[in-house]
Amino acid sequence: DDEAKELLEFVKKKPSMKIGDLFQAYLASGKELSYKQFARKIEKLASDKFVVAEKVIGGKDGTTTIVKLPGSDERKLTEF
């Protein structure tokens, strides 16, 4: 759908971000969506292989998901 395409374009501008930070940036850009709807759309984009949603367990922020583009730099995300 159009909203998913718009979200993909947004992720392209802000790759390799924690999902919570990405959501806050999305809201700050003037978009209105609940976190649950946002997470589901990211999940759908990931299942369709438009983005990679990598779950990181542990670290200073606990468990989080890093949203990035396929084939992007695969650096270790130890700071998360």
Side-chain angles (χ1 to χ4, degrees):
D1 67 28
D2 288 338
E3 197 170 57
K5 288 178 188 175
E6 194 174 288
L7 181 56
L8 178 58
E9 290 305 313
F10 187 80
V11 171
K12 286 179 181 179
K13 295 176 189 170
K14 299 184 178 297
S16 297
M17 287 185 74
K18 293 187 284 185
I19 193 167
D21 294 342
L22 188 62
F23 175 66
Q24 290 304 317
Y26 191 72
L27 292 180
S29 73
K31 306 299 179 195
E32 292 186 21
L33 202 61
S34 73
Y35 179 79
K36 193 67 170 172
Q37 291 171 313
F38 179 83
R40 285 183 182 145
K41 288 189 181 294
I42 292 291
E43 204 173 280
K44 176 69 172 143
L45 288 172
S47 71
D48 290 343
K49 305 209 186 304
F50 289 109
V51 299
V52 175
E54 179 183 331
K55 188 167 279 207
V56 177
I57 300 171
K60 67 178 182 155
D61 295 329
T63 300
T64 190
T65 300
I66 306 299
V67 180
K68 54 188 172 182
L69 298 174
S72 62
D73 185 18
E74 296 294 330
R75 295 174 293 174
K76 295 283 183 189
L77 299 170
T78 56
E79 69 268 17
F80 296 114

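- Considering every non-hydrogen atom in both I42 and V51, the closest pair reads O-CG2, 4.0 Å.
- Residues I66 and K18 form a side-chain contact, since some pair of their non-hydrogen atoms from C-beta on lies under 4.5 Å apart.
- Applying the ring-ring contact (aromatic ring centres under 6.0 Å, His included) test to every pair with at least one member in residues 36-71, sequence neighbours left out, gives these pairs: F23-F38, Y26-F38.
- Qualifying salt bridge (Lys or Arg N to Asp or Glu O under 4.0 Å) partners for D2, counting only residues two or more places apart in sequence or in other chains: none.
- The side-chain contact (heavy atoms from CB on, under 4.5 Å) search around Q37 returns L33, S34, not counting sequence neighbours.
- The salt bridge (charged side-chain N to carboxylate O under 4.0 Å, His left out) pairs that include a residue from residues 41-50 are D1-K41, E3-K41, K44-D48, where partners are two or more places apart or lie in different chains.
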Just list the side-chain donor-acceptor pairs under 3.5 Å for residues 4-14, sequence neighbours left out, or say none.
residue: E6; atom: OE2; partner: K31; partner atom: NZ; Å: 3.0
residue: E9; atom: OE2; partner: K12; partner atom: NZ; Å: 3.3

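- Annotation: side-chain contact (heavy atoms from CB on, under 4.5 Å) contacts of K55 (sequence neighbours excluded): I57, T63, T65.
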